[in-house]
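Report on the structure given below.
One-based numbering, in listed order, for ligands and for the atoms of each.
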Amino acid sequence: MTTVLITGANRGLGLEFARQYAADGWKVVGCCRDPDKADALKKITGVQIEALETGDEKSIAALAAKLKDTPIDLLINNAGIYSGANGTLGNDASQTFGTINGEAWDKVLRVNTIAPILVTQALLPNLQKGAGKKIVNITSRMGSLTEMGAGSVAYRSSKTALNGAMRVIMHDLQNMGLSIYNFHPGWVQTDMGGKGAHLTPEQSITAMRATISKLTAKDSGHYLNYDGQIIPW
Ligand SMILES: NC(=O)c1ccc[n+]([C@@H]2O[C@H](COP(=O)([O-])OP(=O)(O)OC[C@H]3O[C@@H](n4cnc5c(N)ncnc54)[C@H](OP(=O)(O)O)[C@@H]3O)[C@@H](O)[C@H]2O)c1
């Protein structure tokens, strides 16, 4: 059976990834910070729910130890935060120039940039055992240097840095027979994206899954829109 491991699978895009892959007959390992409260994830038949706080290296190590012999075909590093201070898009003084809060920025970098790379590193033996050999990071178009706008400095820079880190480790992964891709999911109606966003989670994830299924090793290192279009760095 094909296995996907998804971080941040209890709500938003991660939950929809879990729903769609499970419905398609995949084995889904759905990771979340608090399995006891993952009610929506528990309702999906056949999901193996695991605890993972991606910002905590001990939690990452515990997950890797638990999954020791489990092959993983596809790793989706989805978990992410917009703000390190509970701010929302357009309303976050902690990442507005003039009132930037360094501690809050640290938290965003830990979860959005460093954690996906550490999770990937910890699960390398599992990915090498799987047949799929694919890693997907959910980044954002807000991290594109070419398209860079104002505001959200912590969030934007965390995704730019994730794109950069992906371009570094893609070379190491290639030597191990693994491919990695960074995806912008579109502007999606989740807690992070808000109700006014362009896409429903179902639309975004349906398109991303179709794109992921077509990607080959030759595409490794690409920065892609959910529909497969290349995004300028
Ligand atoms: N929605 C959009 O329009 C949009 C656009 C571009 C990129 N993205 C990216 O897409 C990804 C998913 O976003 P979303 O829209 O689904 O956001 P969301 O609705 O806010 O959900 C975020 C998910 O990440 C989890 N998470 C956050 N910090 C975590 C941590 N330290 N450890 C483990 N899990 C953690 C959350 O778990 P808890 O429930 O425990 O908090 C939740 O499951 C993010 O990387 C985001 O940056 C979203």
Side-chain angles (χ1 to χ4, degrees), residues 5-20 28-42 44 47 49-63 75-90 92 95 104 106-119 122 135-144 147 149 152 154-163 165-166 181-205 207-208 223-227 231:
L5 185 143
I6 305 157
T7 66
N10 56 304
R11 61 187 170 98
L13 296 174
L15 180 66
E16 185 61 23
F17 267 125
R19 264 199 201 110
Q20 292 197 18
V28 175
V29 182
C31 299
C32 55
R33 289 198 259 211
D34 191 347
D36 288 343
K37 292 187 185 153
D39 295 336
L41 192 57
K42 281 182 197 157
I44 307 171
V47 176
I49 301 180
E50 297 293 349
L52 177 64
E53 158 60 69
T54 64
D56 176 358
E57 293 184 36
K58 285 190 187 137
S59 177
I60 296 174
L63 176 74
L75 165 64
I76 303 182
N77 286 306
N78 163 76
I81 52 174
Y82 170 71
S83 172
N86 295 324
T88 55
L89 198 60
D92 186 7
Q95 50 184 320
D106 275 348
K107 282 187 199 160
V108 178
L109 288 171
R110 169 55 69 169
V111 175
N112 290 1
T113 309
I114 300 169
I117 305 302
L118 294 185
V119 169
I135 299 140
V136 164
N137 295 323
I138 306 301
T139 181
S140 171
R141 197 154 198 149
M142 285 174 75
S144 166
E147 299 179 359
S152 308
Y155 184 75
R156 287 181 185 281
S157 63
S158 73
K159 297 296 192 180
T160 308
L162 176 61
N163 293 343
M166 183 273 286
Y181 317 93
N182 273 20
F183 267 87
H184 171 61
W187 183 25
V188 194
Q189 293 156 19
T190 62
D191 292 337
M192 191 188 293
K195 291 193 174 87
H198 293 148
L199 299 172
T200 63
E202 190 182 351
Q203 289 169 325
S204 166
I205 301 305
M208 256 193 290
Y223 178 25
L224 297 158
N225 201 29
Y226 64 96
D227 58 7
I231 300 176

- Item | Trp187: numbered ligand 1 atoms lying under 4.0 Å from its heavy atoms | 3 (O)
- Message: Please check this pair: side chain of Tyr155 against backbone of Leu89, looking for a donor-acceptor N/O pair closer than 3.5 Å.
- Response: no
- Which atom pair, heavy atoms only, marks the closest approach of Glu202 to Gln20? O-NE2, 3.4 Å
- Query: Tell me: protein heavy atom nearest atom 10 (O) of ligand 1, and distance?
  - Reply: Ile138 CG2, 3.1 Å
- Applying a 4.0 Å heavy-atom criterion (strictly less than), which segment of Lys159 is in contact with ligand 1: side chain, backbone, both, or neither? side chain
- The protein heavy atom nearest to atom 21 (O) of ligand 1 is Arg11 NH1, 3.7 Å
- Among Val108, Asn182, Thr139, whose side chain to side chain contact (heavy atoms under 4.5 Å, CB included) with Lys159 holds? Thr139
- Query: So which protein heavy atom does atom 25 (C) of ligand 1 come closest to, and at what separation?
  - Reply: Gly8 CA, 3.8 Å
- Got a sec, which residues hit side-chain contact (heavy atoms from CB on, under 4.5 Å) with Ala165, two or more places apart in sequence or on another chain? Ile117
- Task: Answer yes or no for Pro185: is there a heavy-atom contact with ligand 1 below 4.0 Å?
- Result: yes
- Message: Out of all atoms in ligand 1, which are within 4.0 Å of some heavy atom of Leu52? Include the element for each.
- Response: 32 (N), 33 (C)
- Query: What's the shortest distance from atom 32 (N) of ligand 1 to any protein heavy atom, and which residue and atom give it?
  - Reply: Thr54 N, 2.9 Å
- Task: Give the minimum heavy-atom separation between Thr190 and Gly193, together with the two atoms involved.
- Result: OG1-N, 3.0 Å
- Quick one: nearest non-hydrogen protein atom to atom 31 (N) of ligand 1, plus distance? Glu53 OE2, 2.6 Å
- For Ser140, the atoms of ligand 1 under 4.0 Å from one of its heavy atoms are 6 (C), 7 (C)
- Item | Enumerated ligand 1 atoms positioned under 4.0 Å from heavy atoms of Gly12 | 16 (O), 19 (O)
- Item | Plane angle bin for His198 and Trp187 - parallel if under 30°, tilted between 30 and 60°, otherwise perpendicular | perpendicular
- Task: Using a strict 4.0 Å cut-off to heavy atoms of Ile81, name the atoms of ligand 1 that fall inside it.
- Result: 27 (C), 28 (N)
- Tell me which one of Lys37, Met192, Met142 gets a heavy atom nearest to atom 13 (O) of ligand 1. Met192
- Is the number of heavy atoms from other residues, nucleotides or ligands within 6.0 Å of CG (Asn86) greater than 12? no
- Query: Quick one: side chain to side chain donor-acceptor pair (under 3.5 Å) pairs with a partner in residues 106-115, sequence neighbours left out?
  - Reply: Glu57-Arg110, Asn112-Ser158
- Query: Got a sec: does the NZ of Lys42 have more than 12 other heavy atoms crowding it under 6.0 Å?
  - Reply: yes
- Query: Met142 and side chain to side chain contact (heavy atoms under 4.5 Å, CB included): which partner among Glu147, His184, Arg156?
  - Reply: Arg156
- Message: At under 4.0 Å between heavy atoms, is it the side chain or the backbone of Leu15 that contacts ligand 1, or both, or neither?
- Response: neither
- Ignoring hydrogens, just give me the one of Pro201, Ala38, Ala79 whose non-hydrogen atom is nearest atom 34 (N) of ligand 1. Ala79
- Look at atom 22 (C) of ligand 1 and say which protein heavy atom is nearest, naming residue and atom and giving the distance to 0.1 Å. Gly80 O, 3.7 Å
- Quick one: look at Tyr155 and ligand 1, take heavy-atom pairs under 4.0 Å, and tell me if it's side chain, backbone, both or neither. side chain
- Considering only heavy atoms of Asp191, which atoms of ligand 1 have at least one such atom less than 4.0 Å away? 19 (O)
- Item | atom 37 (O) of ligand 1 - nearest protein heavy atom and its distance | Asn10 OD1, 3.5 Å
- atom 5 (C) of ligand 1: which protein heavy atom is closest, and how many Å away? Gly186 O, 3.2 Å
- Work out whether the distance between some heavy atom of Val111 and some atom of ligand 1 is less than 4.0 Å. yes
- Ignoring hydrogens and geometry, is there a side-chain-to-backbone donor-acceptor pair from Ser204 to Leu199 under 3.5 Å? no
- Considering non-hydrogen atoms only, spot the tightest contact between Ala9 and Gly30 and give its length. CB-CA, 3.7 Å
- Query: Between Asn78, Thr139, Val188, Thr190, which one has a non-hydrogen atom sitting closest to atom 44 (C) of ligand 1?
  - Reply: Asn78
- Message: Please report whether ligand 1 has a polar contact with Leu13, defined as an N or O pair separated by less than 3.5 Å (distance criterion only).
- Response: yes
- Message: Tell me whether Arg33 contacts the main-chain N or O of Glu53 through its side chain, where contact means a donor paired with an acceptor under 3.5 Å.
- Response: no
- Are any non-hydrogen side-chain atoms of Cys31 and Leu5 less than 4.5 angstrom apart? yes
